[in-house]
Number of protein chains: 2
Amino acid sequence: MQNECGDCVCVLRSSVNMKDCQLEMLGGNHTVVKFKKGDSIIKQGVFSTNVIFLRKGMAKVHISGPSREQIVKLVKAPTYLGLPTTFGDKINQYSVTSVIDSEVCFIDLEVFKRLLGENRDFGSYILMELCKSELEAYRRCASRTQKQMRGNLADVLLEFSEKLFEADQFTLPLSQSDIGNWVDAGRESINRVLSEFIQDGIIQMQGRQVRIVDKKMLKMISQNG
Amino acid sequence: MQNECGDCVCVLRSSVNMKDCQLEMLGGNHTVVKFKKGDSIIKQGVFSTNVIFLRKGMAKVHISGPSREQIVKLVKAPTYLGLPTTFGDKINQYSVTSVIDSEVCFIDLEVFKRLLGENRDFGSYILMELCKSELEAYRRCASRTQKQMRGNLADVLLEFSEKLFEADQFTLPLSQSDIGNWVDAGRESINRVLSEFIQDGIIQMQGRQVRIVDKKMLKMISQNG
DNA sequence: AGAAATATGTGATATGTATCACAAAATAAG
DNA sequence: CTTATTTTGTGATACATATCACATATTTCT
């Protein structure tokens with residue numbers, strides 16, 4: 001258990017000067033849970049008293065909009081999940097669902113808050129993280145609404161390739177209709193553009209296995225909207 | 001000067017237990033500046049070392065997107081401006097421009113950080129604010145992209161009326177093309193829908209003076225997309 | 001006060017995507 | 001293994017909005 005927790009915060013420990021006693025406090029107040037692909041980790045509308053850390057895996061953050069479910073972003077381990085929804089409101093304001101098998105660490109909110117107070121480095125680390133994700137949210141939103149489908153889909157493919165999987169070949173963890181909910185497009189349109197990309201020799205696909213062939217072209221498409 | 005600063009943080013002081021010595025520290029390290037309508041308060045791409053507090057007035061937060069300037073949100077005093085852009089990055093990641101004559105308080109970043117560390121209440125207050133604005137950003141983005149123009153414009157009018165001016169009658173601080181940049185629409189479309197609303201007896205307008213006549217109908221339009 | 005720049009009002013047309021309607025695959029469930 | 005259920009593939013059509021093209025106000029500047 002302690003051991004697990006050492007791993008769990010090791011990412012932070014490198015940048016944050018965390019005392020052993022604080023690590024122990026954390027170790028004594030957490031639970032590790034496994035989630036299978038498709039399982040709900042955080043559910044919008046439900047009361048929450050835990051800070052959640054994604055140890056392994058990948059998850060989608062989504063919020064219910066006026067007419068459909070909007071995917072806000074995809075995140076991969078290691079990262080905190082739903083800090084805004086935990087601190088900003090007692091009731092979860094969005095959902096998080098694992099898109100591949102994942103492992104999650106629940107930390108008691110009070111313990112986490114105490115830690116924030118005691119360890120200034122840790123506090124400013126969390127503050128920074130929040131700021132960055134807010135900035136990212138602004139950028140994404142502007143980009144999504146101003147580009148058209150081809151550009152947005154190119155962005156998604158590039159994000160999978162460069163940020164999430166860090167490979168030219170990967171398995172899409174989302175269905176086409178989910179991708180549609182991410183980039184504000186209909187499922188059919190996603191399918192059509194994907195076909196175009198294959199036709200044009202930009203990507204290859206078999207099932208959900210994607211291979212990016214012409215990354216330069218993808219970046220071109222991403223840029224000119 | 002001290003006096004001014006007492007006002008400046010009075011909003012916080014009510015909820016945050018700030019010691020007099022901390023107030024003084026703040027008082028000694030700030031500058032109050034006036035901005036006229038249209039002046040740039042924070043400029044994207046510029047190096048920044050100040051936390052900025054909007055004492056009086058109203059400002060638009062905007063970010064340059066792939067093809068045009070995207071207005072992210074409108075804020076009114078009293079509020080901090082650009083915390084994410086100050087903490088998240090040394091270089092401003094978005095711009096803030098006053099839309100009516102405003103008064104702004106520049107606080108040295110280091111002093112602000114020290115304050116965050118020393119005063120736990122203040123720290124968690126700021127953390128909360130950040131979380132809330134991130135949640136708000138998610139909600140807005142989902143709403144904007146899923147609703148169509150009439151719904152979005154209704155939202156904007158309601159926001160002016162209920163959140164920003166707290167009155168049924170007010171003067172639009174934005175041009176129609178700015179409103180377009182806010183809700184992702186062309187200037188002409190905004191104009192047309194505005195005319196429709198007038199025709200339908202939902203609002204009255206003379207110049208930029210707006211009077212909301214049928215608020216219920218506006219809310220209806222806001223909801224059904 | 002007069003000139004220049006910016007903001008509004010309104011038609012006609014173009015265009016990207018949504019939506020509907022099915023068929024075929026692929027996955028999950030019993 | 002068979003039956004449901006969810007995904008994917010593709011055409012035809014509809015529609016909301018962008019875009020273009022002006023005319024007219026209104027504000028700003030000198």
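Within every chain, numbering begins at 1; the chains are lettered A, B, ... in the order of the sequence lines, protein sequences first and strands thereafter.
- Among D:dT28, D:dA16, D:dA18, the nucleotide with an atom closest to any side-chain atom of B:Lys37 is D:dT28.
- Checked against a 6.0 Å centroid threshold, the rings of B:Tyr125 and B:Tyr80 do not count as neighbours.
- The 12-atom threshold is exceeded at CZ of B:Arg68, counting heavy atoms of other residues, nucleotides or ligands nearer than 6.0 Å.
- For B:Asp168, the side-chain hydrogen bond (donor to acceptor under 3.5 Å, both in side chains) partners are B:Lys215, not counting sequence neighbours.
- Annotation: side chain to side chain contact (heavy atoms under 4.5 Å, CB included) contacts of B:Met128 (sequence neighbours excluded): B:Lys132.
- The separation between A:Gln146 atom CD and D:dT17 atom C1' is 15 Å, rounded to whole Å.
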Quick one: what's the B/S/- string for nucleotides 6-12 of chain C, heavy-atom cutoff under 4.0 Å, read 5' to 3'? -SBBBBB
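- End-to-end axis angle for the helix from C:dA1-D:dT30 to C:dT27-D:dA4, using five pairs per end and rounding to 10°, comes out at 60°.
- What separates CZ of A:Arg68 from C1' of C:dT19 is a distance of 14 Å, to the nearest Å.
- Taking the charged nitrogens against the carboxylate oxygens, A:Glu159 and A:Lys73 have no contact shorter than 4.0 Å, which rules out a salt bridge.
- In this structure, the CZ atom of A:Arg150 is 12 Å from the C1' atom of C:dG16, given to the nearest Å.
- Using the six-membered ring where Trp is involved, A:Phe165 and A:Phe170 have ring planes that are parallel, under 30° apart on the 30 and 60° scheme.
- Residues that satisfy the salt bridge (Lys or Arg N to Asp or Glu O under 4.0 Å) test with A:Glu136, not counting sequence neighbours, are A:Arg139, A:Arg140.
- Across all strands, B:Asp184 comes closer than 4.0 Å only to sugar-phosphate atoms, never to a base (heavy-atom distances).
- In this structure, B:Gln209 places its CD atom 16 Å from C1' of D:dT26, rounding to the nearest Å.
- A salt bridge links B:Lys60 with B:Asp178: the closest approach of a Lys/Arg side-chain nitrogen to an acidic carboxylate oxygen falls below 4.0 angstrom.
- For the pair A:Glu196 CD and C:dG16 C1', the computed distance is 11 Å after rounding to whole Å.
- Per the geometry, CG belonging to A:Asn181 stands 14 Å off C1' belonging to C:dA18, to the nearest Å.
- Atom CD1 in A:Ile190 sits about 15 Å away from atom C1' in C:dT19, given to the nearest Å.
- Rounded to whole Å, atom P of D:dA16 lies 16 Å from atom CG of B:Leu153.
- Each ring-ring contact (aromatic ring centres under 6.0 Å, His included) pair with one or both residues in residues 134-158 of chain B, not counting sequence neighbours, appears once here: A:Tyr94-B:Tyr138.
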